[in-house]
Amino acid sequence: MGPLLIISGPSGSGKSTIVSRLIAMPELRLRQSISATTRPRRDGERDGEHYFFLTDEEFRSMIERGEFLEWAEVHGRKYGTIRRLVDEWRREGWGVVLVIDVQGAEAVRRAYPEAVSIFVKTSSLEILEQRLRQRQSESEESIQRRLANARGELARASEFTYQVVNDDLDRAVAEIRSIILDHKREDSKHAG
Ligand code: 5GP
């Protein structure tokens, strides 16, 4: 079984950028899980690649069929991790990365106690706000909602196995890379 890695952190913390850098490192053998969501598709996002974009009704029937490993409402929209996808990739030996919110992280830790969880943050809320504004894809309302949400998420950072400050992207990536490699070494010791 490949390892299960949870990455959480406020919107704007840079977790998605970090994860795409980690996925590009062949020695880590990682894949990012593709979640389902009811939020509208942003420019440049493709269905089935970034997310599976669903209607409320489609999402609800997936909940009813028990297809989600966890799901949560984030920034007023529903997001869920598709159980079959994660299990399949892990069985094939891939490490699977879940980029999910703190509620989802809690649910996954309960279901998969072996999961390694990492909380990514910036050293201040000001840096976070700057990054959200640089994105230019969010409305003022959405930025304010994401900042309010960030405060709530930061308050739960201590629930995670690791906390990584991402003020410097290269450093944050290097730090998480070594966390993953340490865990891989531990797992193979126990397996052998
Ligand atoms: P965005 O709308 O910017 O793509 O994602 C917003 C937030 O939703 C992300 O910061 C991430 O933490 C959370 N998220 C994305 N997918 C999932 C999921 O499958 N489950 C949960 N619980 N949260 C998710």
Side-chain angles (χ1 to χ4, degrees), residues 4-20 22-23 30-56 58-60 62-63 65-90 96-112 115 117-122 125 127-129 131-157 159-160 162-164 166 172 176:
L4 186 60
L5 196 68
I6 304 168
I7 309 251
S8 295
S11 192
S13 60
K15 56 189 189 301
S16 314
T17 312
I18 292 176
V19 168
S20 37
L22 295 168
I23 301 281
L30 290 178
R31 277 191 178 176
Q32 183 175 353
S33 166
I34 304 163
S35 293
T37 184
T38 60
R39 87 143 158 76
R41 204 168 53 79
R42 293 186 193 132
D43 277 352
E45 285 181 335
R46 274 179 300 272
D47 189 41
E49 188 174 319
H50 296 88
Y51 283 104
F52 295 100
F53 295 96
L54 305 184
T55 62
D56 272 312
E58 288 167 337
F59 199 97
R60 216 165 319 120
M62 283 185 74
I63 297 175
R65 291 196 300 264
E67 292 184 40
F68 291 124
L69 201 162
E70 63 74 36
W71 69 271
E73 206 154 307
V74 186
H75 316 307
R77 303 287 187 170
K78 293 190 186 68
Y79 294 83
T81 305
I82 301 164
R83 186 194 309 276
R84 190 178 44 81
L85 193 95
V86 173
D87 289 349
E88 230 171 72
W89 285 352
R90 290 185 72 203
V96 178
V97 186
L98 309 179
V99 182
I100 58 181
D101 85 312
V102 291
Q103 313 163 68
E106 186 184 2
V108 173
R109 270 195 303 260
R110 225 178 299 126
Y112 298 82
S117 63
I118 302 176
F119 189 87
V120 179
K121 59 185 184 181
T122 52
L125 277 174
I127 297 181
L128 208 61
E129 182 167 0
R131 290 198 189 152
L132 284 173
R133 292 193 184 284
Q134 275 160 10
R135 259 188 206 176
Q136 290 176 344
S137 59
E138 308 296 332
S139 65
E140 184 60 30
E141 187 198 343
S142 160
I143 290 175
Q144 291 308 331
R145 183 161 32 183
R146 280 160 195 263
L147 281 174
N149 219 48
R151 292 194 178 86
E153 299 219 84
L154 282 162
R156 298 184 61 178
E159 294 171 17
F160 287 72
Y162 301 92
Q163 294 185 41
V164 172
N166 177 27
I176 298 180

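It should be emphasised that the depicted structure is a prediction, and the values quoted were computed from it without experimental measurement. Start at 1 and go down the list; that is how both ligands and their atoms are numbered.
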Take atom CD of Glu49 as the centre, draw a 6.0 Å sphere, and report whether it contains more than 12 heavy atoms from other residues, nucleotides or ligands.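 Yes, enclosed.
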For Arg65, does the CZ atom sit with more than 12 other heavy atoms under 6.0 Å from it, leaving out its own atoms? yes
Ligand 1 versus Arg146: contacting region, heavy-atom distance under 4.0 Å: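 Answer for Arg146: side chain.
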Select one of side chain, backbone, both or neither to describe which atoms of Arg77 lie under 4.0 Å from any atom of ligand 1, heavy atoms only.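 Near ligand 1, Arg77 shows nothing, with every heavy atom at 4.0 Å or more.
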Find all atoms of ligand 1 within a distance of less than 4.0 Å from any non-hydrogen atom belonging to [X], and give their numbers and elements.
| X | answer |
| --- | --- |
| Gly80 | 18 (C), 19 (O) |
| Ala72 | 22 (N) |
| Arg39 | 1 (P), 2 (O), 4 (O) |
| Gly104 | 22 (N) |

How many angstroms lie between atom CZ of Phe52 and atom CZ of Arg46, to the nearest 0.5 angstrom?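 Going from the CZ atom of Phe52 to the CZ atom of Arg46 covers 13.5 Å.
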Taking atom CD of Glu153 and atom CZ of Phe119, what is their separation to the nearest 0.5 Å? 5.5 Å
Which residue and non-hydrogen atom of the protein lie closest to [atom], and at what distance in Å?
| atom | value |
| --- | --- |
| atom 23 (N) of ligand 1 | Asp101 N, 3.2 Å |
| atom 14 (N) of ligand 1 | Val99 O, 3.7 Å |
| atom 4 (O) of ligand 1 | Tyr51 OH, 2.6 Å |
| atom 2 (O) of ligand 1 | Tyr79 OH, 2.5 Å |
| atom 9 (C) of ligand 1 | Lys15 NZ, 4.0 Å |
| atom 19 (O) of ligand 1 | Ser35 OG, 2.6 Å |
| atom 7 (C) of ligand 1 | Val74 CG1, 3.9 Å |

I would like to know whether Leu128 and Ser13 meet side chain to side chain contact (heavy atoms under 4.5 Å, CB included); could you show each step before the answer? CA-CA 6 Å; Leu128 208 61; Ser13 60; 4.3 Å; yes
Would you call Gln103 a ligand 1 contact, heavy-atom distance under 4.0 Å?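 Under 4.0 Å: no for Gln103.
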If we only consider heavy atoms of Ser8, is any one of them less than 4.0 Å away from an atom in ligand 1?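 Judged by the 4.0 Å heavy-atom criterion, Ser8 does not count as contacting ligand 1.
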If we only count N/O pairs under 3.5 Å, is Ala36 in contact with ligand 1?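 Min N/O separation from ligand 1 is not below 3.5 Å for Ala36.
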Would you find a donor on one side and an acceptor on the other, under 3.5 Å apart, between the side chain of [X] and the backbone of [Y]?
| X | Y | value |
| --- | --- | --- |
| Lys15 | Val120 | no |
| Thr37 | Lys78 | yes |
| Gln103 | Glu73 | yes |

Under 4.0 Å between a Lys/Arg side-chain N and an Asp/Glu carboxylate O for Arg109 and Glu70? no
Any salt bridge between Glu140 and Arg133, counting N to O under 4.0 Å?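 Result for this pair is yes, salt bridge flagged.
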So if I apply the side chain to side chain contact (heavy atoms under 4.5 Å, CB included) rule between Leu98 and each of Leu5, Val19, Leu4, Ile7, which one comes out positive?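 Exactly one candidate clears the test, Leu4.
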Considering only heavy atoms, which of Glu70, Glu138, Arg42, Arg135 lies nearest to atom 20 (N) of ligand 1?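 Nearest option to atom 20 (N) of ligand 1, by heavy atoms: Glu70.
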